[in-house]
Each structure stands twice: as C-alpha cells, then as structure tokens.
Asker: 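Below you will find the structure I want to go over with you.
All chains are named by letter (A, B, ...) in the order of the sequence lines, taking the proteins before the strands, and each is independently numbered beginning at 1.
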Amino acid sequence: MSSTSNSTSKKILVILGPTATGKTSLALRLAKKFNGELISIDSRQIYRGLDIGTGKDIGNLRPQVSNLETSCGKLHYYLFDKTKLWLTDLVTPDQAFSVAHFLPLAHLLIKDIQGRGKRPIFVGGTGFYLKALLQGLDTGTIKPRPFLRSALTILPAPILSFLIRKTNPSKWKSMTSSDQKNPRRLIRALEVSLSRKNPPPLPRLKHSFCLIGLKTDLKTLRPLIQKRVQKRLEQGLLSEIENLIKKYNWSDPGLNTLSYKEFKPYFQGISDLKTCIKNWEHHEYQYAKRQITWFNKQKDITYLNIQDSNLKELKVFDNE
RNA sequence: GCCGAGGUAGCCAAGAUGGUCACGGCGCUGGUCUGAAAAACCUGAGAUAUCAGUUCGAGUCUGAUCCUCGGCA
C-alpha cells in the first residue's frame, strides 16, 4: 500500500465558501486525513501585517522559510501542527497584488507539493483567483501600464466605453452591460487591447480538482459573523490597525480591506467606534453574499452544510 | 393645556411661485467579473401621516384629526 506513489493523479482539493463558514479549520483536518498541504486562495491574507482582520489565526507562529525561489524571494509557510500553509504574507500592504501574481505561485506550489508526495489543498474565498486557477487566465501575462491607467482614470465611463468599442469591437461585445459601465474594467480592457506584443499566456493546468463548498443559510451566517467580529476585536484588531497606519497609508491597496477600512473614520476622529463596528459587521455580511454569487456560477461544487454532523466527523469524506 | 417647528420608502433626505412615471444617499433584491476582486460595477423593488376641501390638476394651498420634537405652563 504505497499511498504516496501515484499522488500526482490524486485530485487536488479546493475548500471554498463564504466568509465565517470555517474553511480553514476544515482544511486543516482534511490535510491531516489526506496527507495534504494547504494553499491559501485569499487576496487579503496575502498581505503581511493584516493578521487579525483577515483571520490568519497565526497566533505566535513564525513563518518558516522554504527553498522555493520566486520573484518575491524564497517562499515561506506557516506550520499549523505539522501542516503547512502557503501563500500568506507575501507582500506588504503598500504593494499591489493580483491574480497574475497568485497564479504562477499556485502552479509552482502544486508541482512542489505533489513532487514531495503530498496533496495540495486550496482553501479560501477569493472567487476570481479560484476561477483563474481552474480555468486559466489568458491575459494574465499582459502587464498593467500605470501611466496609461492614470491617464484614463480621468475619463468618464461612457467615453471609455466608446474608446473600447472603437478600438476593439469584439472585446466590447464580449463585455456584459455591467462591465461596459465599469471604469476599472474598461480601463483594463483598453490596456489589453493596446498592448502590442501579447506574451504567451500561462499554460493551463491539467490537474483535476475536487471542489468542496461550505454552505449555510444567511440566517445562520449572520450570528457567526457577529461572533467573529467580536472575537477579532478582543484579539486586538484595533491595535493592529494602529500599528499599520503608522507605517502605511489608508490609500494603500492592503488597507482597502474589510475590517480595516471601516475603522478609517474612527482613527480620523470623524466617527465613533460603535458605528464603525456596525458598518464592518454589515459589510462582512454583504461580502458573504457576493461570494455566494460567485460560487453559484462555479460548476461542480460539492456542497456541505456546515451544520451537518457528518462534517464534524469528516465521515462525508470517507469515499474520497 | 398654550406657543413654535415638523410629519416624504426600513433609515437619512431634496422638492421656488400647485402641472409629465417625486432628486439623491444608506440599507434591501438579484446580477456582472480573465492583472485592484474583502475590489470595482450593474439591475430591480420600496414613499408624499389620515380625512375632507379649493382647483381642470396638490407633496406643494385651506381646514380638521392623529403623531413627533422644542419652549412655556
């Protein structure tokens, strides 16, 4: 019984679901059960220093340096009771990060983890990153052009829409009416259209994935969110923010994150703490709904209800 | 009880001299997504406190009723 010999053919697990459904704790248990290592699919846990607010739950853990060399330097991981967790704490809050950074790292890690006879288990709730992982990202190698972007930002959406319709009619047609009114998407579309040489896209992965979605109804999610908000405040979220704003600006990409941005008015003395907390809680709830919208479109997800007692025993995975 | 102010959607709120489907914002619904995605967008549903009157026509004018707030008793 050599369970590790053909592990490359084993499906890669993906644990997804809206915020506050307990993805991480499930993932850790699955990692034990299936000899896995965790890879975070989370656009916010990427940021160093955003610990409590993004729910990293690292406590006193220290990052361990691996020998995987990347453009961000050597990759590191956290060790949760012998289980490795990758792809958190990659950049500082003032740095930009995107799917295009995430994807090659994810590919690298899949290869590395499988090469060591283990099973990659992705866990997280960033729908866009997940989609790119599963379906590829053709334009992922076309880099942003900051100068072009800032020049275009001053233009109103209808003008941008007009420009893309003239320069790249097929792209314009492929955009939904919602995106045709979204300046950010229009600017990116122009950026892609105007790029002279198109670098070859990243090769698509040939792996097969097993998607496990955690599900609950919104009524039960709400109190879970409230509880978690309370817990994070007790863990010292406010002093974490206080330290962050000593080093970084509110306009930095990392601070445009739930549980941080809501406290901007408080630290600026414009609003009281209670209001900020209420807004935060509210935004978390809205975010959860947006995540659910993402996952609803994703095919082939096996949904598990977080209240299912079989889930607590992991019996549901016995046939894996 | 008297005086004053006011009652527009779940909340905040605009509405000169009466005249098309009553501005917005928050929230709520549903959705979009190929380098910011915990982001950025799109869509939809909600209201003139009540009753009467003036008028071709009233959120807008008049009266009454009810309610809220402030002041005086």
Asker: Does either side chain, that of A/T83 or that of A/D81, offer a donor lying less than 3.5 Å from an acceptor on the other one?
Answerer: no

Asker: Please evaluate residues A/W294 and A/Q298 with respect to the criterion side-chain hydrogen bond (donor to acceptor under 3.5 Å, both in side chains), reporting the C-alpha separation (whole Å), side-chain torsions for both, the decisive distance (0.1 Å), and the verdict.
Answerer: CA-CA 7 Å; A/W294 254 112; A/Q298 186 63 54; over 6 Å; no

Asker: With C1' as the reference atom in both, quote the distance from B/rU48 to B/rU8 in angstrom, rounded to an integer.
Answerer: 4 Å

Asker: Which of residues 280-304 of chain A have a heavy atom under 4.0 Å from RNA chain B?
Answerer: A/H282, A/Q286, A/Y287, A/K289, A/R290, A/T293, A/W294, A/K297

Asker: Hey, does the side chain of A/S193 reach the backbone of A/N168 with a donor-acceptor pair shorter than 3.5 angstrom?
Answerer: no

Asker: When rounded to the nearest Å, what value does the distance between P atoms of B/rA37 and B/rG24 take?
Answerer: 31 Å

Asker: At less than 4.0 Å, is any side-chain N or O atom of A/K261 found next to OP1 or OP2 of B/rA39? Yes or no.
Answerer: yes

Asker: Expressed in whole Å, how much space separates the P atoms belonging to B/rC12 and B/rU68?
Answerer: 15 Å

Asker: Work out how far the C1' atom of B/rA9 is from that of B/rA13, and round it to whole angstrom.
Answerer: 11 Å

Asker: Measuring only the C1' atom in each nucleotide, how far is B/rG19 from B/rC28? A whole number of Å is fine.
Answerer: 33 Å

Asker: Choose from B/rA38, B/rG35, B/rA36 the nucleotide whose nearest atom is closest to any side-chain atom of A/R184.
Answerer: B/rA36

Asker: Among the nucleotides B/rC42, B/rU34, B/rA38, which one has an atom lying closest to any side-chain atom of A/D42?
Answerer: B/rA38

Asker: B/rA39 and B/rA49: how far apart are their C1' atoms, nearest whole angstrom?
Answerer: 42 Å

Asker: Mind checking the P distance from B/rC23 to B/rA36? Whole angstroms is fine.
Answerer: 35 Å

Asker: Within the structure, does a side-chain N or O atom of A/S43 lie under 4.0 Å from either OP1 or OP2 of B/rA36?
Answerer: no

Asker: With rounding to the closest Å, how many angstrom separate the P atoms on B/rG15 and B/rC56?
Answerer: 29 Å

Asker: Under a 3.5 Å threshold, yes or no: a donor from one side chain and an acceptor from the other, between A/T92 and A/R48?
Answerer: no

